[in-house]
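These notes are about the structure you will find just below.
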Amino acid sequence: MMNFLTQKQTSFFPVIIVTFIIYHSAAALTLPKNVTIPAVIVWGDSIVDPGNNNVVNTIVKCNFEPYGMDYNGGEPTGRFSNGRVPSDLIAEELGIKKILPAYLDPNLQTEDLLTGVSFASGGSGYDPLTPKIVNVLSLSDQIELFKEYKSKIDAAVGVERRNIIVSKGIHIVCIGSDDIANTYLSTPFRSPHYDIPAYTDLLASSASKFFQALYGQGARKIGVVGIPAIGCVPSQRTLSGDIKRGCSAKANKAASLFNTKLIALLESLNKKLPQAKFVYFDIYNPSVSLIQNPSKYGFEVVNKGCCGTGNIEVSILCTRFSLGTCSDPSKYIFWDSYHPTEKAYETLVPMAFDKEIQKLF
């Protein structure tokens, strides 16, 4: 595993942490009879990183104000939002717990491990180069941490129960936006050598290797979130140079093309791998619907974030010294220039997951 605690960082991206509330309730979703979900285990980037980057030697952090202004009375946990993030909301919808902790949180308890954690790291991607640019956890690093996680569960409750947790638990993969928005469109490392079709092929190939590695570690129920309309996040509107701050068509084209390849890949893996259930969760179309019809969902501001000017602030550029930060994030789709608000997540998660999650059973 790369020495992510000591290696020098080189650049910058998006990220997210934790508190612990063990939360057992009736699931918000109606699950099939006799179905019990022992755990939710999450992989990915800053959308679902609840604080792993807090202990990684990277500048991709947000464990400071104003992040978390609506979390537990104003606690900057490391989540890239004003409140909870999708990993928390999915765990709650499935009736597991209200807060899904970061695996690297130093206060993590054995009880937390048994019902699931997030291995996600803000700034990561399918492209192996993406996490290297900003010195965060790659998907390979996340797999290595998962092996350690399994050993801890073996020691606590035995191999048999661990096998149930891993194979019957729901695995959610949410990653890919940083590959397109950052590595491909904002650095000189890939675009001179790959056009969009070729780069999305590279991403799909890397994704395939990761999914098969996850299957090899015992995961069987794997939900994969596509890439949203990444060209419509405020930072991409800014960087596109459009004076009217329209969406970046190039970024959205790349996201849409990758999603098409991802769907085909998951269908192929379902046929290839015994007992595997890979399910695609479409976030692209819900994100477009939200952005094109904000008032329908109770939002007022679409093309900028709440933090500072809302045009470029993210991570270490979004601080308590940022001038102009809004007082009511619930009116905004975006919290900073890259990540949605808690209210936007609360709107998007049911749109993407509720009808599709049954396919995992």
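Worth saying up front: this structure is predicted, and the values here are computed from it rather than measured. Side chains included, hydrogens not; waters and symmetry mates left out as well; all remaining heavy atoms used.
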Do the side chain of [X] and the main chain of [Y] share a donor and acceptor less than 3.5 angstrom apart?
| X | Y | result |
| --- | --- | --- |
| E313 | T309 | yes |
| K277 | F361 | yes |
| E300 | G298 | no |
| N53 | T58 | no |

Applying a strict under-4.5 Å side-chain criterion to I, L, V, M, F, W and Y, I'd like to know whether [X] and [Y] cluster together.
| X | Y | result |
| --- | --- | --- |
| V48 | L108 | yes |
| I90 | L266 | yes |
| W335 | I283 | yes |
| L360 | I263 | yes |
| I196 | I230 | yes |

So among T325, D70, D336, T341, which one has a side-chain hydrogen bond (donor to acceptor under 3.5 Å, both in side chains) with N82?
D70
Only residue of D178, T183, T187 satisfying side-chain hydrogen bond (donor to acceptor under 3.5 Å, both in side chains) with T130 is T183
Value rounded to 0.5 Å, distance of [atom1] in [X] from [atom2] in [Y]:
| X | Y | atom1 | atom2 | result |
| --- | --- | --- | --- | --- |
| N163 | K150 | CG | NZ | 8.0 Å |
| L94 | I37 | CG | CD1 | 4.5 Å |
| S177 | I227 | OG | CD1 | 5.5 Å |
| K61 | N52 | NZ | CG | 10.5 Å |
| F299 | N293 | CZ | CG | 12.0 Å |
| I143 | L137 | CD1 | CG | 12.0 Å |

Is any side-chain heavy atom of [X] closer than 4.5 Å to a side-chain heavy atom of [Y]?
| X | Y | answer |
| --- | --- | --- |
| E93 | D354 | yes |
| W43 | I175 | no |
| L202 | R190 | yes |
| I165 | I153 | yes |
| Y103 | D105 | no |
| I47 | H339 | yes |
| L145 | L104 | yes |
| K304 | V301 | yes |

Can [X] and [Y] be counted as having a side-chain donor-acceptor contact under 3.5 angstrom?
| X | Y | answer |
| --- | --- | --- |
| Q236 | S240 | no |
| Y297 | S289 | yes |
| S138 | D141 | yes |
| K343 | S330 | no |
| T238 | R245 | yes |
| E267 | Y280 | no |

Taking all non-hydrogen atoms of both residues into account, name the closest pair between S121 and V136 and its distance.
OG-CB, 3.3 Å
Would you say the ring centers of F189 and Y184 fall short of 6.0 Å from each other?
no
Can you confirm if the aromatic rings of F210 and Y126 lie within a centre distance of less than 6.0 Å?
no
cation_pi(R84, Y345) dist<6.0 Å, angle<=45
no
Look at the aromatic rings of F281 and F353 and report parallel, tilted or perpendicular, splitting at 30° and 60°.
tilted
Give me the ring orientation class for F64 and Y67: parallel if the planes are under 30° apart, tilted from 30 to 60°, perpendicular past 60°.
perpendicular
Lys/Arg N to Asp/Glu carboxylate O, [X] vs [Y], below 4.0 Å:
| X | Y | value |
| --- | --- | --- |
| R79 | E342 | no |
| D88 | K98 | no |
| E144 | K147 | yes |
| D201 | K261 | yes |

Could you check whether the SG atoms of C232 and C247 sit less than 2.5 Å apart, since that is the cutoff I want to apply?
yes
So that I can confirm a possible disulfide, could you see if the SG-SG distance for C306 and C326 falls below 2.5 Å?
yes
